[in-house]
> 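Have a look at this one before I ask anything.
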Amino acid sequence: MIKKFGGVAVLTNQTSSERTLISELKPNQSSVKLLGHIIAINPKEITVRGENKTIFYGILGDESGTIPFTAWSPIEVDKGDVVEVSNAYTREWQGSVQLNLGDRVKVEKTDKDRLPKAAFEPKKAKVNELRSGIGRVDVTAKVLEINEREANVEGEPKKVFSGIIADDTGKAQFTAWDDFKIKENDVLHINGGYVKSWKGIPQLTFDSSVTVKKLDKNKIKKDEIEVKQIPLHRLVEDKGALDIKIQGTVIDIRPGSGFVNRCPECKRVIQNNECEIHGKIKGVSDLRIKLVVDDGTGAVFSVLNRDVSMQILGKDANEIKNMKQDELLNEINSKLFGMQISLRGNALSDDFGITFIPSNGEILEINVEEEAEKIANGLEDIL
Ligand SMILES: [Zn+2]
């Protein structure tokens with residue numbers, strides 16, 4: 001792959017005085033130099049070895065994108081400042097690059113003009129293009145769901161609104177840090193929000209510094225929003241997605257499937273009625289299926305909870321109740337192994353990769369004769 005800036009790819013441990021663009025940052029770089037503007041910055045109280053300490057979380061942006069940062073000591077900057085950062089370092093956290101401002105860091109305010117105008121202009125994006133690091137965005141989407149909660153912002157209670165937005169390409173979560181009087185079904189033009197990810201699920205975040213306009217509700221109709229089926233290689237590249245469908249062959253049923261016992265306190269799976277946190281305790285019986293689905297382009301790991309497991313096996317609670325572990329595992333193997341299934345739900349990522357958590361699942365009935373005929377016809381074409 002040829003890098004967009006400069007022909008030679010210098011990826012690791014860059015120590016030169018050259019500025020790095022945010023979009024080019026990789027995990028585990030040291031002595032990183034950046035020029036950007038502070039899009040958000042918030043203090044957070046933490047306890048380190050019994051002592052209270054204030055650290056700062058924020059978002060830094062330049063003309064190539066945005067990145068979340070953590071400052072481990074106070075830094076003298078405000079939202080909107082253009083800053084030059086030197087001696088920062090990067091780490092990987094939940095599958096994305098994170099910028100750290102440690103003891104050696106230097107953060108200096110500088111002229112706004114030093115940063116190209118493009119750094120401040122939001123990029124037009126469809127909902128399925130939203131991912132952390134994309135920078136400030138200009139999005140038009142329909143509100144499918146909105147919830148209100150109270151959050152504590154710098155010691156003050158504040159109303160925060162969050163929910164789900166969608167367009168004809170997909171769904172994402174959103175968080176509004178101000179009351180824009182948003183209602184379900186509203187079509188919003190949000191100009192200037194930025195994207196954070198939680199376990200790979202994109203979340204559009206905006207506050208009063210952003211323009212939010214209500215458009216005609218029919219600009220995006222409810223029936224234009226469908227649950228998209230995503231090929232698995234794309235899911236792996238995107239590192240997560242909200243409310244999508246996947247389809248593929250069950251190529252593996254993993255140990256840990258079947259009946260399990262959970263601690264009633266912390267829901268951890270326990271052995272011999274002993275929880276590593278809560279000690280001797282009477283477990284509560286649960287049921288799950290852990291499997292790997294492959295669609296020919298990629299594979300993902302999926303955990304089906306009790307309800308989805310029963311749904312896909314076509315069993316009700318009474319039928320399950322009288323089964324023994326061996327019988328259940330046989331049933332899972334004979335019904336699912338090698339079969340085409342369709343799952344609907346969320347894809348979440350962590351350090352180990354993607355886990356698909358379905359809310360619905362079904363075995364696809366494949367007409368064996370029809371499939372055989374298709375293959376035979378295909379062969380005739382080749383021959
Ligand atoms: Zn426990």
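Atoms within a ligand are numbered from 1 in the order they appear, just like the ligands themselves. Along the sequence shown, residues carry numbers from 1.
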> The Zn ion (ligand 1): which protein N, O or S atoms are under 2.8 Å away?
C263 SG, C266 SG, C275 SG, H278 ND1

> Following the transitive rule for hydrophobic clusters with a side-chain heavy-atom cut-off under 4.5 Å over Ile, Leu, Val, Met, Phe, Trp and Tyr, establish whether F69 and V97 coincide in one cluster.
yes

> Decide if the gap between the ring center of F161 and the ring center of F174 is smaller than 6.0 angstrom.
no

> Can a salt bridge be assigned to the pair D186 and K217 using a cut-off of 4.0 Å between side-chain N and carboxylate O?
yes

> Salt bridge or not for D167 and K142, using N-O below 4.0 Å?
no

> May I ask you to decide whether E148 forms a salt bridge with K158, counting only side-chain N to carboxylate O separations under 4.0 Å?
no

> Is I134 linked to V127 within one hydrophobic cluster, defined over Ile, Leu, Val, Met, Phe, Trp and Tyr using a side-chain heavy-atom separation of less than 4.5 Å?
yes

